[in-house]
Amino acid sequence: MRYQHLDLNLLVALDVLLDEQNITRAAGRLHMTQSATSGVLNRLRTYFEDDLLTQVGRKMRPTPLAEELREPVRDYVRTERRKLFMQET
């Protein structure tokens with residue numbers, strides 16, 4: 001599903017990336033390769049025109065925009081998961 005040219009599935013990855021602040025751990029949670037997860041982060045960076053996560057020493061830190069997005073993205077992902085699992089089959 002897309003909204004204003006953003007693949008909404010990327011928001012799930014953004015939620016995990018902001019939670020983990022680590023590509024390798026996020027990749028594990030997303031059941032993706034590290035390379036694929038880096039690619040997702042690059043797509044998100046392009047869409048938001050922001051680095052979202054920056055390397056500081058050996059850690060990744062969220063940018064101010066990423067901090068602003070953290071709660072709305074998490075709320076969206078949780079709401080959509082609830083909707084998905086509450087639907088009758």
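Since the model is a prediction, treat every value here as computed from it, not as a measurement. Numbering of residues begins at 1 and proceeds along the displayed sequence.
- Applying side-chain contact (heavy atoms from CB on, under 4.5 Å) to L17 and the options V12, L41, L10 leaves one that passes, L41.
- Residues passing the salt bridge (charged side-chain N to carboxylate O under 4.0 Å, His left out) test with R25, sequence neighbours excluded: E20.
- Between atom CG of residue L14 and atom CZ of residue R43 there is a gap of 12.5 Å, rounded to the nearest 0.5 Å.
- Proximity of a side-chain donor or acceptor of E67 to a complementary backbone N or O of L69 within less than 3.5 Å is not detected.
- Between the CG atom of N9 and the CG atom of L30 there is a distance of 11.0 Å, given to the nearest 0.5 Å.
- Looking only at distances, a side-chain donor or acceptor of R70 sits under 3.5 Å from a matching main-chain atom of L18.
- Of the inter-residue distances, the one linking E68 atom CD with D50 atom CG reads 9.5 Å to the nearest 0.5 angstrom.
- N22 places a side-chain N or O within donor-acceptor distance of the main-chain N or O of T24, the cut-off being under 3.5 Å.
- Here the closest heavy-atom approach between residue L52 and residue A66 is recorded as O-CB, 3.1 Å.
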Q) Given T63 and D51, is the side chain to side chain donor-acceptor pair (under 3.5 Å) satisfied, shown in steps? A) CA-CA 7 Å; T63 65; D51 284 339; over 6 Å; no
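- Dense packing is recorded around CD of Q55, with more than 12 heavy atoms of other residues, nucleotides or ligands lying under 6.0 Å away.
- Judged by distance alone, the side chain of R61 and the main-chain N or O of V56 form no donor-acceptor pair under 3.5 Å.
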